[in-house]
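Some notes on the structure that comes next.
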Amino acid sequence: MQRLQDRVAVVTGGASGIGLATARRFAQEGAKVVIADLDETTGKGVAEEVGGLFVRADVTSEDDVRGMYAFANEAYGSVDIAFNNAGISPPDDDSILSTGLDAWRRVQEVNLTSVYLCCKYVIPYMREQGRGSIINTASFVAVMGAATSQISYTASKGGVLAMSRELGVQFAREGIRVNALCPGPVNTPLLQELFAKDPERAARRLVHIPVGRFAEATEIAAAVAFLASDDASFITAAEFLVDGGISGAYVTPTG
């Protein structure tokens, strides 16, 4: 499919995980892709692979975010798709009883403030064009509670969900769609590292997934490509769950 032919897409956190898989999918569908990441070596390699460009950007820096979109617009002439995906889930973000204020603030900055900045600085380009699709990475934990808490991560993703809904409503009549992608657990290096340290913790999560496995990054990328495309032209201000049935389950299959 070439649903994104010649559209310009900026992907934050594009050097790994969901961002990498999405950059590849965007390129396969004809988009011109700008990879934004802190990892210059890997990011440049990904950009070369997908025939796009790389820009080093700290998504918590207002100047970097402003420059990131200016770079994409100057290089390609528009910014049609913004996949605001960069995020962290550090081990010191745990129960509210043990998570310190520094850890709380760091996660909020990277996961929530960055999305605020990315939306703030991409929307003017999209308003001028009269079109655009913004996909913000939230999480299924934005709509469900967990006893195995990562308190700042959960709160940040709830904020991303609420902000995406607000922006989707505010700019709907200007041709700009804003949606919150809510993935379930994804088989990425971040998750693998977490669960390699604690297999019991992994097993505890896996039992709650009706399909019986974690998502692959390519499956999430397929959802992002859909939301970015005109196939999703009537979808905005939505929480788009791609969670293997977790949020709909009370009791999961045993087989």
Provide the closest heavy-atom pair for [X] versus [Y] in the form atom of the first, atom of the second, distance.
X	Y	value
Val160	Asn111	CG2-O, 3.4 Å
Leu53	Ala75	CD1-CB, 3.5 Å
Leu161	Cys182	CD1-SG, 4.4 Å
Ala21	Thr218	CB-N, 4.0 Å
Phe26	Val33	CB-CG2, 3.8 Å
Ala147	Arg204	CB-NH2, 4.1 Å

Are any side-chain N or O atoms of [X] and backbone N or O atoms of [Y], one a donor and one an acceptor, separated by less than 3.5 Å?
X	Y	value
Asp37	Ala15	yes
Gln150	Ser95	no
Thr60	Thr113	no
Thr252	Val207	yes
Ser61	Asp64	yes
Asp93	Tyr153	yes
Thr99	Asp94	yes
Thr22	Gly19	no
Thr236	Ala172	no

Looking at [X], I'd like to know if its [atom1] atom is crowded, meaning that more than 12 non-hydrogen atoms belonging to other residues, nucleotides or ligands lie closer than 6.0 Å.
X	atom1	value
Glu200	CD	no
Ile235	CD1	yes
Glu74	CD	no

Compare all side-chain heavy atoms of [X] with those of [Y] and state whether any distance is below 4.5 angstrom.
X	Y	answer
Asn179	Ile134	no
Val115	Lys157	no
Phe83	Val10	no

Run the numbers on Ser152 and Gln108 for side chain to side chain donor-acceptor pair (under 3.5 Å), then give the verdict. CA-CA 7 Å; Ser152 190; Gln108 293 298 316; 3.0 Å; yes

For the pair [X] and [Y], find out whether any cationic side-chain nitrogen is under 4.0 Å from an anionic carboxylate oxygen.
X	Y	answer
Asp80	Arg131	yes
Asp231	Arg3	yes
Lys44	Asp39	no
Glu219	Arg213	yes

[atom1]-[atom2] distance between [X] and [Y], expressed to the nearest 0.5 angstrom:
X	Y	atom1	atom2	result
Lys120	Leu117	NZ	CG	8.0 Å
Leu181	Asn84	CG	CG	11.5 Å
Tyr69	Ser78	OH	OG	13.0 Å

By the ring-ring contact (aromatic ring centres under 6.0 Å, His included) test, which pairs, at least two apart or in different chains, include something from residues 215-255?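 Listed once each, the pairs are Phe226-Phe240.
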
Does any pair with a residue in residues 158-184 pass salt bridge (charged side-chain N to carboxylate O under 4.0 Å, His left out), and if so which ones, sequence neighbours excluded?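 Applying salt bridge (charged side-chain N to carboxylate O under 4.0 Å, His left out) to every pair that reaches into residues 158-184, excluding sequence neighbours, yields Arg127-Glu174, Arg165-Glu239.
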
What verdict does the salt bridge (charged side-chain N to carboxylate O under 4.0 Å, His left out) test give for Arg25 and Glu29, after you've listed the backbone C-alpha separation in whole Å, the side-chain angles of each residue and the deciding distance to 0.1 Å? CA-CA 6 Å; Arg25 180 63 183 253; Glu29 296 215 20; 2.9 Å; yes

Co-membership, hydrophobic cluster, residues [X] and [Y], 4.5 Å side-chain:
X	Y	answer
Met126	Ile81	no
Leu167	Val65	yes
Ile123	Val34	yes

I'd like to check the salt bridge (Lys or Arg N to Asp or Glu O under 4.0 Å) partners of Glu216; sequence neighbours left out, ordered by chain and number.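 Not a single residue meets the salt bridge (Lys or Arg N to Asp or Glu O under 4.0 Å) criterion with Glu216.
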
